[in-house]
Amino acid sequence: YYSESLSTSSNATTTQQTKLSLTFSPEPNSEYFILSSGLIAGSSNDSSPVTVLTDGTTEYFSHINESTGGLDVLPDFALSRAVFGAAPGSRTFSYRFATEAATITASLSDCRLLAISRDVSDGYVEALTAATTSSTTYVNRLSLDLDVLVSGYYLLVFSAESDTFSAPHA
């Protein structure tokens with residue numbers, strides 16, 4: 001299932017505005033990967049636009065997209081997993097955005113939502129809590145071992161959030 005909205009929408013409030021929705025009827029007792037992407041920008045150097053993926057009941061992610069200075073247009077991407085029970089009915093996923101403070105305007109464009117049914121043989125691993133390191137070399141956060149039963153091409157998708165600032169930035 002797929003939906004897109006390439007136009008630019010603006011929001012100057014802290015109230016979430018829906019930019020894009022995707023409605024589908026998942027199979028009973030199933031899991032889906034929900035991928036969302038867009039380009040987010042704020043109207044000033046101190047802007048922190050927020051993006052959210054929700055189905056109205058569960059908030060699958062919430063990003064605060066902090067500018068590093070200047071009027072950055074930042075890529076916003078998330079991979080989420082939705083688990084459905086015996087009678088899931090129709091579900092609507094909404095990609096929303098707002099401002100962290102009412103003094104700026106957030107703009108969101110080039111948005112896409114994609115739902116892919118997860119097969120039992122599809123590998124998946126997640127870590128939803130924060131971790132820190134002071135290491136100057138890479139450290140493992142998460143790993144996934146896959147049993148490749150058939151040679152061919154495989155799609156690997158992963159997402160993460162990071163905060164590399166040790167102090168407030170101007």
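Values below: every heavy atom of this structure, side chains too, minus hydrogens, waters and symmetry copies.
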* Checking T13 side chain against T15 main chain: does a donor-acceptor pair fall under 3.5 Å? -> yes

* Asked: Is the closest side-chain heavy-atom distance between E59 and V52 below 4.5 Å?
  -> yes

* Structure fact -> Note: S109 and T8 closest approach over all heavy atoms is CB-OG1, 3.4 Å

* Asked: Just how far is it from atom CG of L53 to atom CG of L113, taken to the nearest 0.5 Å?
  -> 6.5 Å

* To do: Over all heavy atoms of both residues, which pair between P26 and G89 is shortest? Give the atoms and the distance, please.
  => CD-O, 3.3 Å

* Taking C-beta and beyond as the side chain, do T23 and R91 meet within less than 4.5 Å on heavy atoms? -> no

* Between NZ on residue K19 and CG on residue N11, distance to nearest 0.5 Å -> 11.5 Å

* Structure fact -> Heavy-atom nearest pair, S10 first then S107, reads OG-OG, 3.4 Å

* Asked: What are the two closest heavy atoms between A106 and A98, and how far apart are they?
  -> CB-O, 3.7 Å

* Residue pair L22 / Y95, side-chain heavy-atom distance below 4.5 Å -> no

* Asked: With side chains defined as the heavy atoms from C-beta onward, is the minimum distance between V73 and I40 less than 4.5 Å?
  -> no

* **Nearest-0.5 Å distance, CG of residue L6 to CG of residue D110** => 5.5 Å

* **Inter-residue atom distance S36.OG - F77.CZ, 0.5 Å rounding** => 7.0 Å

* **Student check: side-chain heavy atoms of D76 and F61 closer than 4.5 Å** => yes

* **Atom of G56, atom of T54 and distance for their closest heavy-atom approach** => N-OG1, 3.0 Å

* Close side-chain approach of Q17 and S9, heavy atoms under 4.5 Å -> yes

* Asked: Once you round to the nearest 0.5 Å, how far does OG of S62 lie from CZ of F97?
  -> 14.0 Å

* Asked: Under a 4.5 Å cut-off applied to non-hydrogen side-chain atoms, are V50 and T99 in contact?
  -> no

* Asked: To the nearest 0.5 Å, what is the distance between CG (D55) and OG (S80)?
  -> 10.5 Å

* Donor-acceptor under 3.5 Å (S3 side chain, S21 main chain) -> yes

* Passing option when Y60 is tested against F93, Y32, F33 for ring pair (Phe, Tyr, Trp, His ring centres under 6.0 Å) -> F93

* Are side-chain heavy atoms of T14 and E100 found at a separation under 4.5 Å? -> no

